[in-house]
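Here's the structure we're looking at; comments come further down.
Start at 1 with the first residue, then count along the sequence. Scope of the values below: all heavy atoms of this structure, side chains included, with no hydrogens, waters or symmetry mates.
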Amino acid sequence: MKIKYEFADGTVSEVEVEESIGAVIIESRRKEDNLARKERYHCYSMDSVQFEGDEYGTEETPETQMERELDTERIAHALDGLSEVQRRRLLKFAEGKSMREIAREEKVQHRAVMKSIESARKIFKKNF
């Protein structure tokens, strides 16, 4: 069986291969063409925002906005369940500070910060 390869510069080359290998190559090309055809219909132009409006260009839908608001409420509720020390330490930890840095700032032992953050995590897990 002969398989044709067309290169970007326009030259065409034919290669003789076994029937089994040729069948695999042909099947692979068929699947690739089908996938390209499917993807063609699911692409959106960035220029479409000009014609459809900003709502079309954003990914946020009313459903995702509502989910985000519910998550915000749940987080606020969970933070209300923490002591002032736990809340402060957990927020510092969430900002990216290490437990040792927090302990240094508050002039307490590392172990105390670790315990308060762990207990705050447990309270958060109950709410989520």
Side-chain angles (χ1 to χ4, degrees):
M1 162 181 268
K2 289 188 178 185
I3 300 290
K4 287 185 180 180
Y5 286 100
E6 188 171 337
F7 297 97
D9 63 357
T11 59
V12 178
S13 178
E14 285 189 6
V15 178
E16 185 75 33
V17 295
E18 292 180 20
E19 289 291 323
S20 60
I21 295 173
V24 170
I25 292 172
I26 290 171
E27 180 66 19
S28 173
R29 287 181 179 176
R30 185 186 65 77
K31 286 181 180 180
E32 188 176 342
D33 288 341
N34 286 342
L35 181 62
R37 197 173 302 113
K38 284 180 185 177
E39 288 178 349
R40 192 175 316 138
Y41 295 110
H42 295 289
C43 295
Y44 298 103
S45 169
M46 295 302 284
D47 297 331
S48 61
V49 175
Q50 294 175 1
F51 303 107
E52 299 291 333
D54 287 336
E55 311 84 47
Y56 184 78
T58 61
E59 292 182 19
E60 183 156 270
T61 62
E63 291 83 14
T64 56
Q65 184 180 6
M66 193 166 95
E67 287 175 13
R68 187 171 38 83
E69 289 170 2
L70 286 173
D71 286 345
T72 304
E73 289 175 18
R74 289 171 63 193
I75 290 170
H77 178 70
L79 284 173
D80 289 340
L82 301 177
S83 70
E84 181 60 36
V85 173
Q86 288 175 328
R87 184 181 311 119
R88 183 181 64 240
R89 290 176 180 171
L90 186 64
L91 290 174
K92 285 181 181 182
F93 188 67
E95 289 173 356
K97 292 187 178 181
S98 71
M99 291 186 200
R100 293 196 186 278
E101 290 173 331
I102 297 168
R104 242 180 274 123
E105 285 178 8
E106 296 185 0
K107 297 179 179 141
V108 295
Q109 289 186 2
H110 171 261
R111 202 170 287 207
V113 173
M114 187 173 68
K115 285 183 181 180
S116 65
I117 289 177
E118 275 304 311
S119 60
R121 282 181 178 172
K122 287 178 184 176
I123 293 170
F124 252 82
K125 284 183 182 181
K126 286 181 185 177
N127 290 316
F128 288 95

Euclidean distance, Met99 CE relative to Arg89 CZ, rounded to 0.5 Å: 11.0 Å
Any non-hydrogen side-chain atom of Ile3 less than 4.5 Å from a side-chain atom of Ile26? yes
Results of salt bridge (Lys or Arg N to Asp or Glu O under 4.0 Å) for Glu27 - residues two or more places apart only: Arg30
Does Lys2 have any side chain to side chain contact (heavy atoms under 4.5 Å, CB included) partners at least two apart in sequence or in another chain, and if so, which? Glu14, Glu16
So how far is it from His110 NE2 to Arg100 CZ, rounded to the nearest 0.5 Å? 4.5 Å
Should Glu101 and Arg104 be marked as a salt bridge (Lys or Arg N to Asp or Glu O under 4.0 Å) after you check the CA-CA gap, both sets of side-chain angles, and the distance that decides it? CA-CA 5 Å; Glu101 290 173 331; Arg104 242 180 274 123; 5.4 Å; no
With a 4.0 Å cut-off, would you call Lys115 and Glu118 a salt bridge? no
Transitive ILVMFWY side-chain link Tyr5 to Val24, under 4.5 Å: no
Shared hydrophobic cluster for Met1 and Ile25 (ILVMFWY, side-chain gaps under 4.5 Å): yes
Testing the basics here: between Gln86 and Ser119, what is the closest heavy-atom pair and its distance to 0.1 Å? NE2-OG, 2.6 Å
Once you round to the nearest 0.5 Å, how far does CG of Leu79 lie from CD of Glu84? 10.5 Å
Could you measure the distance from the CD1 atom of Ile117 to the NZ atom of Lys122? Nearest 0.5 Å is fine. 13.5 Å
Joint hydrophobic cluster, Ile75 plus Phe93, side-chain heavy atoms closer than 4.5 Å: yes
Establish whether Ile102 and Val85 are linked, either directly or via other cluster members, by ILVMFWY side-chain heavy-atom contacts under 4.5 Å. no
Salt bridge check: are Glu32 and Arg29 linked by an N-O gap of less than 4.0 Å? no
